[in-house]
Amino acid sequence: PLIKGAPMIFKWSEIEPEPGVFRFEEEVGEKLREAEENGFYTFLMIWVAPSAPRWLYENGVPEVHMTPTINPLGEPRDWTFQYYLDEDYIRYYHRMLERFCNFVKELPPEQRQRILYIQSAEGSTGDGGGYKGDPLDSKYNINAEQWGVFRIKAWEVMKDALTDENGKMVVPLLVNYDSNREDQYE
């Protein structure tokens, strides 16, 4: 009785299993109807890494191999990441964000009101950084300035897609502040 809701975190690879084939209704819509039926609230987030769809790499996005890292449980991680600054990646990523936010904007009001906010997850597992570890190939390094520009553009895409015809965002957007710089705070 003390539970009022729970986060809904989705993986891009499940949301868009094939290029341009979106499963928002199956992955998100059904869970939102359950939240409505049970009086729960939630926030939504789509992890883009390390759960990027494999089809990205088959469509021109470089797959970045990393130095070994350890997860919080002390176990080795063998993750790869997409190269975030690749033009193809940005196009696919922004398309997914736009379609997702439009899906949310078009939800029935009784379902949409169950969403407290959407958290942008432009990097690894919703963290403010893109990678866990360092790229083995230095050409895939991303400096703080580049990452900031990338993040801000993603937030703009989401904000625009969540804004209604009256200029009001239908659901608030939350961003992770853990690696923000002054330009990102603005």
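Sequential numbering from 1 along the given sequence is applied to the chain's residues.
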Could you pull out all donor-acceptor pairs under 3.5 Å where a side-chain atom in residues 156-175 meets a protein atom, sequence neighbours excluded?
residue	atom	partner	partner atom	Å
T163	OG1	K159	O	2.6
D164	OD1	N166	N	2.9
D164	OD1	G167	N	3.1
D164	OD1	K168	N	2.9

Legend entry - Sequence-distant partners of S120, side-chain hydrogen bond (donor to acceptor under 3.5 Å, both in side chains), two or more places apart: E122, W155

Legend entry - Of all pairs that satisfy side chain to side chain donor-acceptor pair (under 3.5 Å), the ones with a partner from residues 89-98, not counting sequence neighbours: E16-R95, Q82-Y89, D88-R91

Inset, instruction - Please collect all side chain to side chain donor-acceptor pair (under 3.5 Å) contacts where either partner lies in residues 31-40, sequence neighbours excluded, each pair once. - result: E25-R33

With a cut-off of 3.5 Å and sequence neighbours excluded, list every side-chain donor-acceptor pair involving residues 39-47.
residue	atom	partner	partner atom	Å
Y41	OH	R114	NH1	3.4
T42	OG1	A6	O	2.5
T42	OG1	M8	N	3.3
W47	NE1	T125	O	3.4

Specify the closest pair of heavy atoms between [X] and [Y], including all atoms of both residues, with the distance to one decimal.
X    : Y    : answer
S124 : P50  : OG-CD, 4.4 Å
V48  : G123 : CG2-O, 3.7 Å
P76  : I70  : CA-CD1, 3.9 Å
W12  : M96  : NE1-CG, 3.5 Å

Legend entry - Those residues that, when tested against R23, pass salt bridge (Lys or Arg N to Asp or Glu O under 4.0 Å) (two or more places apart): E27

Inset, instruction - Please check if the side chain of Q146 supplies one atom and the backbone of N143 the other of a donor-acceptor pair under 3.5 Å. - result: yes

Legend entry - Main-chain N/O of E106 paired to R112 side chain as donor or acceptor, under 3.5 Å: no

Inset, instruction - Kindly indicate whether the side chain of F81, heavy atoms from C-beta on, has any atom under 4.5 Å from the side chain of M66. - result: yes

Inset, instruction - Taking the side chain as every heavy atom from C-beta outward, state whether V28 and L107 have any pair of such atoms under 4.5 Å apart. - result: no

Inset, instruction - May I ask whether F10 and L116 are part of the same hydrophobic cluster, defined by side-chain heavy atoms of I, L, V, M, F, W, Y residues being less than 4.5 angstrom apart, directly or through others? - result: no

Legend entry - Common cluster, W79/I142, ILVMFWY with side-chain heavy-atom separation under 4.5 Å: yes

Inset, instruction - Please step through side chain to side chain contact (heavy atoms under 4.5 Å, CB included) for the pair F100 and I15, ending with a clear verdict. - result: CA-CA 9 Å; F100 173 62; I15 293 291; 5.8 Å; no

Legend entry - Test log, rule side chain to side chain contact (heavy atoms under 4.5 Å, CB included), inputs E63 and R54: CA-CA 9 Å; E63 183 173 12; R54 296 297 309 166; 2.8 Å; yes

Inset, instruction - Kindly determine whether L136 and T67 satisfy side chain to side chain contact (heavy atoms under 4.5 Å, CB included), including the steps that lead there. - result: CA-CA 6 Å; L136 292 178; T67 56; 3.9 Å; yes

Inset, instruction - Specify whether Y84 and W147 have parallel, tilted or perpendicular ring planes, treating 30° as the upper limit for parallel and 60° as the lower limit for perpendicular. - result: perpendicular

Inset, instruction - For a ring-ring contact (aromatic ring centres under 6.0 Å, His included) with Y83, tell me which candidate from F150, Y140, Y57 qualifies. - result: Y140

Inset, instruction - Nearest 0.5 Å please: distance from the CD1 atom of I9 over to the CD atom of Q119. - result: 7.5 Å

